[in-house]
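Here is the structure we will look at, set down as structure tokens.
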Amino acid sequence: MKAFAFFEKINMNTKTLFFIFTALLIIQFSACTSADSPNEDQDTGATLTVNIPEFNPDNAYNYIQKQVAFGPRVPNTPAHDSCAQWMADQFRSFGARVIVQEDQVKAYTGEMLNMKNIIASYNPDRNRRVLLCAHWDSRHIADSRLATERTKEPILGADDGGSGVGVLLEVARCLKESPLKYMGVDIVLFDVEDYGQPSDGGGYPEQLDTWCLGSQYWSKNFHVAGYKADYGILLDMVGSKGARFTKEGSSMEYAPNIVNKVWKEAINSGYSGYFYNDQTQKIIDDHVYVNRLAKIPTIDIINRPSSTESGFGAYWHTHNDNMEVIDKNTLKAVGQTVINVIYKESIGEL
Ligand code: AHN
Ligand code: ZN
């Protein structure tokens, strides 16, 4: 009697059981077809884990010092050539595939400048990729309104040029120490960012295109045909003491999701003293051309103090942009954030 009732109950639920069984089959099937999900190992199906390396700010600092020791890295000078050679050699020693993209570009003065964009690639055959970039040249004049001396002489650009490169060289060293398995990274150092036409105070929009010549060139002529990246992060003036990284307007226009996820990671990593949720005015920088021409959603991590007229550090485009403005704590905040972002992204954990 009891046994009969039991079977009767089963029979009454056959439809339900069949439904559950079918649902389980579908779940199992979709798990199989998502084997290329970045969260699972393709062979074992195990959840992916990654060892996130420690960004060493002492190394980044030394890489900046080394660049500054060449002197101002102004196109068509021996210091510019030597520094390009040194950076390419460094990336090779960190296991990257290096391409130096060379051509001549026309400055606002009419001069032809020897441009060298330096591209260091990790896992060049991977489809999922992140682009990391910075400019490496330094300005040929000290034309800030705050500059008081030697305004016609080129600047050292420890922060403006040197810092982004210093951080990315240390990121490259980390990539050699702890190779990414599931994602590619391209580090692109743009040349001739800072040879733009000095402002006459009128702010004609057409003169903005006299800046960022290396990134404009690369965005129209990739180092490899059909180049693609999921998104990009530009570092510009990322080394000064007390830097304030805000959500910059052009980055928010083209790539708000990337800004928000990088800032979230920075703040979760303990760097809320550097990464601010405030949105600031749009600027023209290399990322604008990477967005517009290369169509890669790219953000700019750039120091935007609230207290200066220019919106940049008081040392900006003056001879005070030397090693004295560089602070290892700032380098660590930016460098470790970039490391955390790419290593987590590589396992689909961001
Ligand atoms: C302009 O002043 C047009 N853009 C700022 C980009 C820049 C200059 N970054 C470093 N130097
Ligand atoms: Zn500059």
Side-chain angles (χ1 to χ4, degrees), residues 64 67-68 71-75 80 83 105 107-108 113 115 117 133-147 150-168 188-216 218-219 232-240 243-246 248-251 253-254 280-292 298-305 308-322 325-326 330 334:
I64 300 170
Q67 293 169 76
V68 166
R73 281 84 63 216
V74 174
H80 183 264
C83 187
V105 291
Y108 70 93
L113 302 177
M115 172 207 76
N117 289 329
C133 42
H135 80 89
W136 72 271
D137 62 310
S138 59
R139 186 141 177 82
H140 59 303
I141 49 177
D143 62 327
S144 162
R145 290 177 63 165
L146 296 175
R150 296 187 284 131
T151 56
K152 295 199 157 60
E153 290 177 33
I155 63 168
L156 285 174
D159 196 33
D160 190 358
S163 63
V165 173
V167 167
L168 292 180
V188 180
L189 303 183
F190 296 124
D191 199 0
V192 208
E193 187 271 349
D194 232 346
Y195 214 99
Q197 186 171 343
S199 171
D200 58 2
Y204 298 110
E206 57 266 33
Q207 89 184 18
L208 292 176
D209 286 344
T210 66
W211 299 79
C212 306
L213 298 186
S215 58
Q216 294 191 55
W218 178 82
S219 297
I233 303 174
L234 172 67
L235 307 183
D236 192 8
M237 300 189 271
V238 291
S240 74
R244 175 173 180 263
F245 305 116
T246 56
E248 177 273 328
S250 302
S251 306
E253 176 187 346
Y254 291 109
T280 52
Q281 238 186 353
K282 284 186 195 185
I283 58 166
I284 291 285
D285 204 346
D286 292 317
H287 68 311
V288 169
Y289 298 97
V290 177
N291 277 297
R292 278 190 203 156
T298 299
I299 67 164
D300 195 3
I301 301 180
I302 182 166
N303 179 25
R304 306 307 316 278
T308 57
E309 183 202 14
S310 67
F312 303 115
Y315 56 85
W316 179 70
H317 293 183
T318 78
H319 290 289
N320 294 329
D321 187 357
N322 56 37
V325 305
I326 303 299
T330 308
V334 174

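Numbers here simply count residues along the sequence, with the first being 1. Counting convention: from 1, in listed order, for ligands and their atoms alike.
- Inclusion of E193 in the first shell of the Zn ion (ligand 2) is not supported: no N, O or S atom falls under 2.8 Å.
- Within the 4.5 Å cutoff, side-chain heavy atoms of N303 are placed close to those of R244.
- Annotation: H135 places no N or O atom under 3.5 Å from an N or O atom of ligand 1; distance criterion only.
- For atom 7 (C) of ligand 1, the candidate residues are E193, R139, H287; the nearest heavy-atom contact is made by E193.
- Taking the Zn ion (ligand 2) as the corner point, the angle from H317 atom NE2 to D194 atom OD2 is about 120° (rounded to 10 degrees).
- Residues I233 and I301 have side chains in contact (heavy-atom distance under 4.5 Å, counting atoms from C-beta outward).
- Between C133 and H287 the shortest side-chain heavy-atom distance does not fall below 4.5 Å.
- Under a 3.5 Å cut-off, the side chain of R145 and the backbone N or O of S310 do not form any donor-acceptor pair.
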Item to check | Intermediate values then yes/no, side chain to side chain donor-acceptor pair (under 3.5 Å), S251 and E248 | outcome: CA-CA 5 Å; S251 306; E248 177 273 328; 2.6 Å; yes
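- Annotation: cation-pi pair R304/F245 absent, no NZ/CZ under 6.0 Å from the ring centroid and within 45° of its normal.
- Listed by atom number, the atoms of ligand 1 under 4.0 Å from F312 heavy atoms are 5 (C).
- Which parts of ligand 1 touch M237 is read off a 4.0 Å heavy-atom cut-off, strictly below it: atoms 9 (N), 10 (C).
- Taking only non-hydrogen atoms, the option from V288, D236, N303, I284 nearest to atom 1 (C) of ligand 1 is I284.
- Atom 10 (C) of ligand 1 has D160 OD1, 3.0 Å as its closest protein atom, hydrogens excluded (heavy atom only).
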